[in-house]
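All remarks here apply to the structure that follows.
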Amino acid sequence: MKILRKISETRKITSALILRKKIIGFVPTMGYLHEGHLSLIKAAKKKSDVVIVSIFVNPLQFAPNEDFTKYPRNFKKDEKLCRAEGVDYIFYPDIKEMYPDDFSTYITVENVSAGLEGKIRPEHFRGVATIVLKLFNIVQCSFAVFGQKDAQQACVIKKMTEDLNINTKIIISPTVRENDGLAMSSRNVYLTPGQRADAAYLYKALEYARRKIMLENYNRDIAFLKGQMSKLIKSRKTATKIDYISFNNSRTLEEVQTLKNLKSASILISLAVRFGKVRLIDNIVIKR
Ligand code: PAF
């Protein structure tokens, strides 16, 4: 496994791989890898000749009041995990390499970026889309794997590749969960033991909605479901604020007002909840 710090060296290597008709699978990450990331790497390995993982905490996707400087980092551990998974290259640039002083081009994906996370973190997806397009251009991958956990991010990236005719296939891999259902996330390390126990209620609330919808054959109204989910989450002392609980079309992210008369659409049920300073997101998709 080789660690690449420079864009020029990385492009030289990936261009040579492409000439040799190698399939390059790519997993973009911000490091502090956990089982969720490893599942993305495993998915990439299955379909590629060469796997590249990028590790870069992207300042552009954090607002000034967010946790960029505090975001957990442990490159030595990440390196070990990647080696154990059989990763071929880690692209590990520094900030100046990715954003030189005169950097001034940004990608905005409208509509799908606007709601849910976009409402609360207005610059976030502009930062994500910009770095992901840069990474695609650098690693020149055939496909890239993203996690369903960041459902809106997955929609934004898919739309960007579609709209800009980017020759990279986007694969979305299922969310990996702890035994009690909590979605794996690098931010889970910030949780106190009490918050950690309560955080499992996010998935319980999502599963409650799924069960109710199935049992009652899509006849329950969404306001009722949101109310019950909210009650369940608020029953936990450390859940300090629900930013949103939302039902959306899983592809367009348009808000869904009713489940009745839904034909083939699949519905994304997503939520964001704060446990003190720690903000967690999760989602499930239900298919009619
Ligand atoms: O999902 C993440 O870790 C990041 O948003 C990504 C895709 C690596 C871009 O910085």
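Whatever order the structure lists them in is the order used to number ligands and atoms, beginning at 1. What you see is a predicted model, and the numbers here were worked out from it, not measured in a lab.
The aromatic rings of Phe136 and Phe146 stand perpendicular to each other, their planes meeting at an angle above 60°, with 30° marking the opposite boundary. Between His34 and His37, the angle of the ring planes lies from 30° to 60°, which puts this pair in the tilted group.
For atom 9 (C) of ligand 1, the nearest non-hydrogen atom from the set His124, Lys149, Gln61, Met30 belongs to Gln61.
For atom 2 (C) of ligand 1, the nearest protein heavy atom (residue, atom name, distance) is Gln153 NE2, 3.9 Å.
Of the N or O atoms in Asn58, none lie within a sub-3.5 Å distance of an N or O in ligand 1.
Ligand 1 places these atoms under 4.0 Å from at least one heavy atom of Ile131: 9 (C), 10 (O). Against a heavy-atom cut-off of under 4.0 Å, Thr29 is close to the following atoms of ligand 1: 8 (C).
The CZ atom of Arg121 lies 4.5 Å from the NE2 atom of His124; values are rounded to the nearest 0.5 Å.
The ring-ring contact (aromatic ring centres under 6.0 Å, His included) contacts involving residues 186-207 comprise nothing, where partners must be two or more places apart or lie in separate chains.
A salt bridge is absent between Lys204 and Asp282; no separation between the charged side-chain nitrogens and carboxylate oxygens falls under 4.0 Å.
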